[in-house]
Trainee: 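Supplied in structure tokens, the structure appears directly below.
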Amino acid sequence: MAKRVAVVLAGCGVFDGSEVHEASAVLVHLSREGAQAEVYAPNIPQMHVVDHVKGQPTPEQRNVLVESARIARGNIKDLATLDVKGLDALIIPGGFGVAKNLSTWATQGKNCSISKEVEGVLRAFHAAHKPIGLCCISPVLAAKIFPGCEVTVGHDTECEQWPYAKTAEAMKELGCRHVNSQVTEVHVDARNRLVTTSAFMCNAPIHHIHDGIGEMVREVLRLA
């Protein structure tokens, strides 16, 4: 019987929603492994809308669920309807939407709050001992909610290849253990059943990002 995996999106677009290539890679690898993806997003306004050509916010207002439906080809559900009992695992791709719409990490860092719906879903999967896959910036959600967990966002020393390495330091300050890894690698926290990979936290060729996410998906399914 196909494993059913909830994929939670945060909008559509790297700067104000889910990173489209990461979300697509998750869906492709789930399909390749014979799993059934069920896509969800919260029915809330985006923090703001970014013009991805100019890299600047615009006066527009958009809805996270409506924008996420673009990636899901319309086959999406309101996160409020998610029932952990019928699902085997959870995966949350990255993108600034995780730090802007699912949490306030973008503006408050380690002092952020997590959306109540998102926190509830994460805690429900964790309590049920069902695996959670997180990539790019989304491991900050686990760092905030599960003290002492082990995660990776790549490397903890900032350089051209790892421009967001300060994220690892902030996560350490929350009490979690950060494990340095390469973009094609994952870290598995067996105790918390967390699988994390850096994805676009690294300046790497897109096929390396795709490969790392594939490894994350396979490990999540192995634990499911």
Trainee: The test is side chain to side chain contact (heavy atoms under 4.5 Å, CB included); show your working for Val195 and Arg222 and say whether it passes.
Mentor: CA-CA 11 Å; Val195 184; Arg222 183 181 64 80; over 6 Å; no

Trainee: When rounded to the nearest 0.5 angstrom, what distance separates NZ in Lys110 from SG in Cys176?
Mentor: 12.0 Å

Trainee: Would you say the side chain of Lys144 lies within less than 4.5 Å of the side chain of Ser103, judging by non-hydrogen atoms?
Mentor: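 Not in contact.
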
Trainee: Give me the atom names and distance for the closest heavy-atom approach of Glu67 to Cys12.
Mentor: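 Here Glu67 and Cys12 meet closest at O-CB, 3.3 Å.
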
Trainee: So which atom in Ala199 and which in Glu22 form the shortest heavy-atom distance, rounded to 0.1 Å?
Mentor: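 So the minimum-distance heavy-atom pair works out to CB-OE2, 3.4 Å.
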
Trainee: If you take all heavy atoms of Lys130 and Leu87, which pair is closest and at what distance?
Mentor: NZ-O, 2.6 Å

Trainee: Please answer: with hydrophobic residues joined when any side-chain heavy atoms are less than 4.5 Å apart, are Ile137 and Leu174 in the same cluster?
Mentor: yes

Trainee: Say whether, by atom type as modelled, one donor and one acceptor occur between the side chain of Lys3 and the main chain of Ala89 under 3.5 angstrom.
Mentor: no

Trainee: Is Lys166 atom NZ crowded by more than 12 heavy atoms from other residues, nucleotides or ligands, each under 6.0 Å away?
Mentor: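 Check fails, neighbour count at 12 or below.
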
Trainee: How far apart are the closest heavy atoms of Gly154 and Thr152, and which atoms are they?
Mentor: N-OG1, 3.0 Å

Trainee: Can you confirm if the aromatic rings of His29 and His210 lie within a centre distance of less than 6.0 Å?
Mentor: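 Close enough - the centres of the two rings lie under 6.0 Å apart.
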
Trainee: Identify whether Phe125 and Ile114 are in the same connected component of the hydrophobic contact network (ILVMFWY, side-chain heavy atoms under 4.5 Å).
Mentor: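 Cluster IDs for Phe125 and Ile114 match.
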
Trainee: Count the heavy atoms belonging to other residues, nucleotides or ligands that lie under 6.0 Å from CG of Asp83, then report whether that count exceeds 12.
Mentor: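 More than 12 within 6.0 Å, yes.
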
Trainee: With clusters defined by side-chain heavy atoms of hydrophobic residues (ILVMFWY) lying less than 4.5 Å apart, directly or transitively, does Val217 cluster with Phe200?
Mentor: yes

Trainee: Using atom types as modelled and distance alone, determine if a side-chain donor or acceptor of Asn203 lies under 3.5 Å from a backbone N or O of Glu160.
Mentor: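 The answer is yes, because a donor-acceptor pair under 3.5 Å joins these two groups.
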
Trainee: Under a 3.5 Å distance rule, please check whether Asp156 uses its side chain to pair with a backbone N or O of Glu169 as donor and acceptor.
Mentor: no

Trainee: With the threshold set at 4.0 Å, does a side-chain nitrogen-carboxylate oxygen contact exist between Glu215 and Arg218?
Mentor: yes

Trainee: Can you tell me how far SG of Cys136 sits from CD1 of Ile209, rounded to the nearest 0.5 angstrom?
Mentor: 8.0 Å

Trainee: By the definition side-chain contact (heavy atoms from CB on, under 4.5 Å), identify the one residue from Glu219, His178, Met216, His187 that meets it with Thr196.
Mentor: His187

Trainee: Going only through I, L, V, M, F, W and Y residues with side-chain contacts under 4.5 Å, is there a path from Leu79 to Ile145?
Mentor: yes

Trainee: Does Ser181 reach the side chain of Thr197, with side-chain heavy atoms less than 4.5 Å apart?
Mentor: no

Trainee: For Cys149 versus Leu194, what's the shortest heavy-atom pair and its separation?
Mentor: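 Closest pair (atom of Cys149, atom of Leu194, distance): CB-CD1, 3.7 Å.
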
Trainee: If only atom types and distance count, is the side chain of His52 paired as donor or acceptor with the main-chain N or O of Val50 below 3.5 Å?
Mentor: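 Confirmed, His52 side chain pairs with Val50 backbone.
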
Trainee: Begin with the C-alpha distance, continue with both residues' side-chain angles, and end with the deciding distance and a verdict on side chain to side chain contact (heavy atoms under 4.5 Å, CB included) for Leu27 and Val39.
Mentor: CA-CA 9 Å; Leu27 297 174; Val39 186; 4.1 Å; yes

Trainee: Might you point out which heavy atoms bring Glu150 and Asp189 nearest each other, and give the distance in Å?
Mentor: N-OD2, 2.8 Å

Trainee: Distance check, rounded to the nearest 0.5 Å: Ile132 atom CD1 versus Leu122 atom CG?
Mentor: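 If I round to the nearest 0.5 Å, the distance is 5.0 Å.
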
Trainee: Please check if the side chain of Thr104 supplies one atom and the backbone of Ser113 the other of a donor-acceptor pair under 3.5 Å.
Mentor: yes

Trainee: Between Leu134, Val121, Val220, which is the residue that forms a side-chain contact (heavy atoms from CB on, under 4.5 Å) with Leu90?
Mentor: Val121

Trainee: Using 0.5 Å steps for rounding, measure from the CG atom of Asn43 to the CG atom of Asn63.
Mentor: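 Atom-to-atom, Asn43:CG and Asn63:CG are 5.0 Å apart.
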
Trainee: Can a salt bridge be assigned to the pair Asp16 and Arg62 using a cut-off of 4.0 Å between side-chain N and carboxylate O?
Mentor: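 The answer is no: the pair does not qualify as a salt bridge.
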
Trainee: Do Tyr40 and Ile71 land in one hydrophobic cluster if side-chain heavy atoms of ILVMFWY residues count as linked below 4.5 Å?
Mentor: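 Shared cluster, no.
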
Trainee: Would you mind reporting whether Leu221 and Val5 have side-chain heavy atoms less than 4.5 Å apart?
Mentor: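 Yes, at least one pair of side-chain atoms sits under 4.5 Å.
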
Trainee: For Leu223, is there any backbone N or O sitting under 3.5 Å from a side-chain donor or acceptor partner on Arg193?
Mentor: yes

Trainee: Tell me, with the steps shown, if Phe146 and Val151 meet side chain to side chain contact (heavy atoms under 4.5 Å, CB included).
Mentor: CA-CA 11 Å; Phe146 307 125; Val151 295; over 6 Å; no

Trainee: Does the side chain of His155 come within less than 4.5 Å of Gln182's, by heavy atoms?
Mentor: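 They are in contact (side-chain heavy atoms under 4.5 Å apart), so the answer is yes.
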
Trainee: Is it the case that atom CZ in Arg70 sees more than 12 heavy atoms from other parts of the structure closer than 6.0 Å?
Mentor: no

Trainee: Does any N or O in the side chain of Asp88 come within less than 3.5 Å of the main-chain N or O of Arg4, such that one atom is a donor and the other an acceptor?
Mentor: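 Present.
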
Trainee: Rounded to the nearest 0.5 Å, how far apart are CZ of Phe15 and CD of Gln56?
Mentor: 10.5 Å

Trainee: Out of curiosity, Leu141 CG to Trp105 CH2, how far, rounded to the nearest 0.5 Å?
Mentor: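 Rounded to the nearest 0.5 Å, the CG-CH2 separation comes out at 9.0 Å.
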
Trainee: Test side chain to side chain contact (heavy atoms under 4.5 Å, CB included) on Trp162 and Val153 and set out the steps.
Mentor: CA-CA 9 Å; Trp162 299 99; Val153 289; over 6 Å; no

